[in-house]
Number of protein chains: 4
Amino acid sequence: MPRKTQEESQETRKNILECAKRLFSKRGYERTSLSDIAKYSGVSRGAIYWHFESKEDLLVNLVEYVDVNTEGVRYFFESASPSEQDPLSKLKAFVLCIFSEELSEFFNSSFVNMLIGISNGFSGNEDARAKLAELDKQRMDQLSKIIMNCVAKGQLPKNLNIRAATEHLAVFMSGIFFQTRMKNTDALKKYYSQIVDMEIEQLKLLVQS
Amino acid sequence: MPRKTQEESQETRKNILECAKRLFSKRGYERTSLSDIAKYSGVSRGAIYWHFESKEDLLVNLVEYVDVNTEGVRYFFESASPSEQDPLSKLKAFVLCIFSEELSEFFNSSFVNMLIGISNGFSGNEDARAKLAELDKQRMDQLSKIIMNCVAKGQLPKNLNIRAATEHLAVFMSGIFFQTRMKNTDALKKYYSQIVDMEIEQLKLLVQS
Amino acid sequence: MPRKTQEESQETRKNILECAKRLFSKRGYERTSLSDIAKYSGVSRGAIYWHFESKEDLLVNLVEYVDVNTEGVRYFFESASPSEQDPLSKLKAFVLCIFSEELSEFFNSSFVNMLIGISNGFSGNEDARAKLAELDKQRMDQLSKIIMNCVAKGQLPKNLNIRAATEHLAVFMSGIFFQTRMKNTDALKKYYSQIVDMEIEQLKLLVQS
Amino acid sequence: MPRKTQEESQETRKNILECAKRLFSKRGYERTSLSDIAKYSGVSRGAIYWHFESKEDLLVNLVEYVDVNTEGVRYFFESASPSEQDPLSKLKAFVLCIFSEELSEFFNSSFVNMLIGISNGFSGNEDARAKLAELDKQRMDQLSKIIMNCVAKGQLPKNLNIRAATEHLAVFMSGIFFQTRMKNTDALKKYYSQIVDMEIEQLKLLVQS
DNA sequence: TATGAATGAGCATTCATTCAT
DNA sequence: CATGAATGAATGCTCATTCAT
């Protein structure tokens, strides 16, 4: 039975995306068939092809959809606001968040892992890869803005090597992200606040030579 | 077809493993068919089934094979030797190595990425996953031994939280590993020695409370 | 969406038929989807279903439409007129026409070829086939009328076997049609007028025994 | 159950080709699925893919197979033999054959009609088309050789325009072929020998100017 | 030991058709 | 009159696996 209104159509689309996200996350891109997605979302395979041109097109759209609809990411974006008076605290707060169940949920999901598979070329296609590279760049730029904000507010040295500091933070955060997934951060948890302080302190050493 | 000697048989087996490694790395596990491997290694599909029970069995054997035959890993193992008088320097040297083309080659290969895919459940099977978890545990234990060596030699505090320190190092190293793959460590390179010093310095703060 | 007038509706119908003709001709019946036709004619798939019951119904209607609207066919029909005083010359003129770019255009089109496919049972359905058989019969009858006209005007023998003469002409004309399509009539062109004379001369031998 | 010997394998291949010929003939290329062929020949779909790379590859191989295995075609080829003392009679005999049930069986089959569909671009692919064009050329060349044989033996004028005569014969034969398929040669049958004589007589007029 | 032949389940995709709006 | 949304059956094709030789 064909859906009627535009609204219902959009709901169908969203539903397909949500189900695809769940299944791709659980079983990976290659191991999830469109049949699975159709069954899981209660529509016909044809319906998926009405909304998306192909399985890979579904993936590209999914990457975009997930990016826009992830709470944590919005939060991350806010911390670079020029009106923020204490960006360093905000930054620390944000980094601390990664450990939290709430935010780490997304970063630790196997969906993200699937995205890594795409980045590295054994899932999806060039379109999806390009989209992901773009999003990664956006994240790095955002991180740079946060750091520049800290410099502007006098919380980090004027002659800080912005790019190096950004990369250092990225290294730390992705290390946490990675080891948490490997269940190798349990003993670290109680030192976490202290560690984040140290990492931020380290940033100050990365000055222009 | 001619009977082959045991030696020749072993060579066939090794050849299949090498080719599988290359193809799995390039195209991923799911996207590589046994046909591909057969064609690439110049044997018939049937031959693969003589040496391995199934595609997944091939994968499990491959994980083991690769682990044993990777140069960098051997190097890593040596640094925990009790006879080592300056383990902290060796540790630093090892960590610095990750940045080097030579050692990072393996960690950064898409083969490792495939392994991550297995760890996260969208490639391979439980056997492969168990094998990998075991290897990861071995690495962490190795890292712990190195750190304990440093404590024994008086280079790290007696009351160090060994597990936390191990995890901290793992976080840092995997962060480097990850961001390097994302091409996000260029600006960081010139500070690298300095950063490693700081990270090791940080370890000293992770003491038993 | 706006109600359209009957005129506009007829234009839509005609437009669909024209586009179907073009696409069926180029790609064949099976390889042309209703989607293609819809896209090409700028209407929705649903619109096609408003004008035609099914894809096959569209085909049947198309056969009729094309027959009525082909210039060359009209010309052919005129040559049987009882008021024609020199039908044999007209016949010769018509046969000569087949070689001409103008008339052979239609007979040589892949659209006609598609029709042959229908005749032979691997496109369309029984309705379309019946329609085509009827049209073929009309052509043969027309040819018979032309020949009878020649007999009536004393240009062919009184005891001519009309059916045999008709078939003989049809054999010749379809042979030309076929080989022209195969690009096998180039050397024949300069003898063409002569050959047509001979063929017509041959007709005179097909008398009742 | 896998076939064992090479002989059995060749039989399977031949069987698939025979069944494909029958089904393509009855239903046309597009309307025959590989499932149909598999079912009809009692093998699995996979077996077809073992012997042929794709559906189109099956078609190309089929064209070749049919060409080689058609009795009438062999007969046709023999008539150009230089040792033949009365090639004109042989030619006439051959042309008469087309009308016969035996030889016309193949030419009138819907399989041949399918081939026409391929020639005209709405079945199969470029490979199949090229193969057919090649075969058509071979036929025309063969016809030319027969005619040259007649010239050599003094049965046709020395200054005959060989190409034009070849084309004229082709026109006649394909016209017969075509109209017979359309069931439009019944009345012509009793004049057939006479008509063939006339056609051959006509050839003598196609001399170099 | 190793191969070639064959199987069969599963997959992405296409498409004629339906129908509420 | 016409559209956009949805269905579901069918299709070409891939591939892990089996097995007689």
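Per chain, numbering begins at 1; letters A, B, ... match sequence-line order.
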> Which residue, C/Lys55 or A/Asp36, contacts DNA chain E at a nucleotide closer to its 5' end, judged by nearest heavy atom?
Replying inline: A/Asp36
>> Output the rounded distance in Å from CG (B/Leu34) to P (E/dA2).
In response: 16 Å
> Can you tell me how far CD1 of A/Ile16 sits from CD of A/Glu11, rounded to the nearest 0.5 angstrom?
Replying inline: 12.0 Å
> Does D/Tyr29 offer a backbone N or O that forms a donor-acceptor pair with the side chain of D/Lys55 under 3.5 Å?
Replying inline: yes
> Checking side chain to side chain contact (heavy atoms under 4.5 Å, CB included) for the pair A/Leu17/A/Lys21: CA distance, chi angles, key distance, verdict?
Replying inline: CA-CA 6 Å; A/Leu17 285 167; A/Lys21 180 185 164 188; over 6 Å; no
>> Measure CG/B/Asp57 against C1'/F/dT17 and give the value in whole Å, please.
In response: 14 Å
> Are a donor atom and an acceptor atom from the side chains of C/Asn15 and C/Thr12 found within less than 3.5 Å of each other?
Replying inline: no
> What is the distance from atom NE2 of A/His51 to atom NZ of A/Lys14, rounded to the nearest 0.5 Å?
Replying inline: 13.5 Å
>> Can a side-chain donor-acceptor contact be found between A/Tyr65 and A/Glu18 if the only test is distance below 3.5 angstrom?
In response: yes
>> Is B/Ser35 close enough to F/dC15 that one of its side-chain N or O atoms is under 4.0 Å from OP1 or OP2 there?
In response: no
>> Whole angstroms only, please: what is the CZ-C1' distance between C/Arg13 and F/dA2?
In response: 16 Å
> B/Tyr29 has an atom OH; how far is it from atom C1' of F/dC15, in whole Å?
Replying inline: 12 Å
> For DNA chain F, what residues of residues 39-52 of chain B have any heavy atom nearer than 4.0 Å?
Replying inline: B/Arg45, B/Tyr49
> Rounded to whole angstrom units, what separation is found between the CD1 atom of C/Ile37 and the P atom of E/dC15?
Replying inline: 11 Å
> Roughly how many Å is it from CG in B/Leu58 to C1' in F/dC15, rounded to a whole number?
Replying inline: 15 Å
>> Does either side chain, that of D/Ser54 or that of D/Asp57, offer a donor lying less than 3.5 Å from an acceptor on the other one?
In response: no
> For E/dC11, does OP1 or OP2 lie under 4.0 Å from any side-chain N or O of A/Ser33?
Replying inline: yes
> Rounding to a whole Å, what distance do you find between A/Glu56:CD and E/dC11:C1'?
Replying inline: 13 Å
> Closer than 4.0 Å, any side-chain N/O of B/Thr12 to the OP1 or OP2 of E/dA2?
Replying inline: yes
> Which stems does DNA chain E form, counting runs of 3 or more consecutive Watson-Crick or G-U wobble pairs with both distances under 3.5 Å?
Replying inline: E:2-21 with F:2-21
>> Out of the candidates A/Val60, A/Leu34, A/Leu59, A/Leu58, only one should pair with A/Phe52 under the side-chain contact (heavy atoms from CB on, under 4.5 Å) rule; please name it.
In response: A/Leu58
>> What is the separation between atom CD1 on D/Ile16 and atom C1' on E/dT7, rounded to the nearest whole Å?
In response: 12 Å
> Do the side chain of C/Thr32 and the main chain of C/Leu23 share a donor and acceptor less than 3.5 angstrom apart?
Replying inline: yes
